[in-house]
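Reckoned from all heavy atoms, side chains included, excluding hydrogens, waters and symmetry mates.
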Amino acid sequence: MSENTRKIIIAGNWKMHKTRHKARELAEAIVAAVKHHQDLPEIVLCPPFTALLDVVQAVQQSPIKVGAQNMEHRTSGAFTGEISPTMLTDLGVGYVIIGHSERRQFFAETNASVNLKLKAALEHNLTPIVCVGESLDEREANLTDSVVSRQVAAALTDIPQTESLKLVIAYEPIWAIGTGKHCPSQEANRVAQLIRRTVSELYRNDPASGNSDKVQAGDSISVLYGGSVKPSTIDELMDQPDVDGALVGGASLQAEEFVPLIESSQKRIKQQLSRV
Ligand code: PGA
């Protein structure tokens, strides 16, 4: 898989917003807005747990997918307050965000717990969107590249190369999340390239590395950018060859803001199609 065939994804992370009723309304508005569109990206809506079923039902007759914002890695047991991978697949959920910086920052998630959740997601056929990204202090100390590559390598520990091809990585610089300060698109592209190089390097000595498909592990996965993505910034972002879409917070909460992001990504898909 290459730049021309990687999946383009526009994902909405609704965070702790929307009651069931409001979530259904938003999902229905997005379904209606894209109904007659062709060459759509993979659209993933990630409402809070309480609204997952409503959104799954609202998008049922459409190509739109539903994701959770987090999950526990174990399948069942005495883990009060947690939601397991099987509970998600049971609802018809296909994606799960793993290791969002808000989970790392406020809920003590670590690179090690991200790795466990990633393995569990893959085992249960949930497509993981793994979030990585540096803080402002780390960026100012020139640590962006080392932080991001360490997070990617830790997330993928003991994950076979064939499985790694199924994951999506979102580069989300913490200083750009919810702040209105979006990362310049060329810089997002540079870090996306770094993520691809890191993934390829991890599998460089894989016994299967004779297979040219597998050597290019980093080129095969979709890498998204997230952090204050808005209709005004998406075109430039989608022009970046190593950025395959966006993970969107604030601008995913209203159809009027989210649908233009989908439409912008369609231009990239048309270009891809014209090249194959
Ligand atoms: P934002 O959030 O678009 O509101 O910055 C992005 C995210 O946290 O995934």
Side-chain angles (χ1 to χ4, degrees), residues 1-13 39 41-44 97 99-101 129-153 155 167-202 216-252 257-258 260-276:
M1 228 186 288
S2 69
E3 183 197 331
N4 283 345
T5 48
R6 288 193 303 256
K7 214 177 247 183
I8 303 294
I9 301 172
I10 300 292
N13 173 11
D39 306 328
E42 180 93 324
I43 303 168
V44 186
I97 298 173
H100 189 281
S101 59
I129 303 178
V130 178
C131 300
V132 297
E134 80 288 358
S135 66
L136 186 57
D137 284 352
E138 288 164 340
R139 172 155 285 261
E140 285 174 349
N142 264 329
L143 293 173
T144 299
D145 293 13
S146 57
V147 168
V148 169
S149 48
R150 199 169 342 111
Q151 287 175 335
V152 170
L167 77 107
V168 177
I169 298 183
Y171 168 53
E172 295 212 314
I174 298 169
W175 49 271
I177 295 178
T179 58
K181 287 187 202 150
H182 96 288
C183 175
S185 300
Q186 288 84 353
E187 174 62 4
N189 195 62
R190 189 192 69 77
V191 181
Q193 286 170 350
L194 168 80
I195 290 171
R196 296 189 193 288
R197 275 202 308 280
T198 307
V199 173
S200 294
E201 187 61 21
L202 285 173
Q216 304 303 328
D219 286 334
S220 303
I221 58 170
S222 294
V223 178
L224 314 183
Y225 166 78
S228 297
V229 173
K230 299 273 179 286
S232 57
T233 59
I234 187 76
D235 282 348
E236 199 186 288
L237 186 67
M238 292 311 301
D239 278 344
Q240 306 302 318
D242 280 289
V243 177
D244 302 315
L247 177 56
V248 187
S252 71
E257 285 210 285
F258 191 61
L261 307 182
I262 296 168
E263 288 168 347
S264 169
S265 74
Q266 286 178 284
K267 288 180 220 148
R268 167 82 168 271
I269 293 169
K270 288 199 180 90
Q271 282 166 9
Q272 275 187 343
L273 290 172
S274 69
R275 283 201 295 255
V276 285

Please round to the nearest 0.5 Å and tell me the distance separating atom CG of L237 and atom CD of Q186. 10.0 Å
Shortest non-hydrogen pair, G180 vs S228, comes out as N-OG, 2.8 Å
Could you list the residues that satisfy salt bridge (charged side-chain N to carboxylate O under 4.0 Å, His left out) with D239, not counting sequence neighbours? none
Separation of H100 NE2 from I177 CD1 (nearest 0.5 Å): 4.5 Å
Distance (rounded to the nearest 0.5 Å) between M238 CE and E263 CD: 13.0 Å
Could you tell me which residues satisfy side-chain contact (heavy atoms from CB on, under 4.5 Å) with Q193, sequence neighbours excluded, listed by chain and number? N189, R197, D242
Taking all non-hydrogen atoms of both residues into account, name the closest pair between G133 and V147 and its distance. O-CG1, 4.2 Å
Residues passing the side-chain contact (heavy atoms from CB on, under 4.5 Å) test with S252, sequence neighbours excluded, are W14, V248, F258
NE2 of H182 to CD of E187, rounded to nearest 0.5 Å, is 11.0 Å
For the student: nearest non-hydrogen atoms of A188 and C183, plus distance: N-SG, 3.8 Å
Pairwise distance CG(L273) to CD(Q271) - rounded to 0.5 angstrom: 10.0 Å
Heavy-atom closest pair, residues S200 and G218: OG-N, 3.0 Å
What's the separation between atom CD1 in I174 and atom OG1 in T179, rounded to the nearest 0.5 Å? 11.5 Å
List the steps, then state whether side-chain contact (heavy atoms from CB on, under 4.5 Å) holds for V130 with Q151. CA-CA 10 Å; V130 178; Q151 287 175 335; over 6 Å; no
Are Q272 and I8 close enough that some pair of their side-chain heavy atoms sits under 4.5 Å apart? yes
Would you list the pairs meeting side chain to side chain donor-acceptor pair (under 3.5 Å) in which at least one residue belongs to residues 140-150, sequence neighbours left out? D145-R190
Applying side chain to side chain donor-acceptor pair (under 3.5 Å), can you list everything that pairs with E257, at least two apart in sequence or on another chain? none
Residues in side chain to side chain donor-acceptor pair (under 3.5 Å) with S222, at least two apart? none
Under the side chain to side chain contact (heavy atoms under 4.5 Å, CB included) test against V229, which residue among L224, I10, I234 passes? I234
Is any side-chain heavy atom of R6 less than 4.5 Å from a side-chain heavy atom of V223? no
Could you tell me whether the side chain of I169 reaches within less than 4.5 Å of the side chain of V199, counting heavy atoms only? yes
Non-hydrogen atoms of A192 and V243 that approach each other most closely: CB-CG2, 4.3 Å
Partner set under side-chain contact (heavy atoms from CB on, under 4.5 Å) for A11, not counting sequence neighbours: I9, V44, I129, L247
Would K7 and V168 count as a side-chain contact (heavy atoms from CB on, under 4.5 Å) here? Give the steps. CA-CA 9 Å; K7 214 177 247 183; V168 177; over 6 Å; no
Would you list the pairs meeting salt bridge (charged side-chain N to carboxylate O under 4.0 Å, His left out) in which at least one residue belongs to residues 172-181, sequence neighbours left out? none
S185: side chain to side chain donor-acceptor pair (under 3.5 Å) partners, not counting sequence neighbours: E236
Once salt bridge (charged side-chain N to carboxylate O under 4.0 Å, His left out) is applied, do any residues pair with K230, and if so which ones, sequence neighbours excluded? none
Looking at residues at least two apart in the chain, or sitting in another chain, which of them share a side chain to side chain donor-acceptor pair (under 3.5 Å) with Y171? E134, R139
Between the main-chain N or O of I221 and the side-chain N or O of R196, is there a donor-acceptor pair closer than 3.5 Å? yes
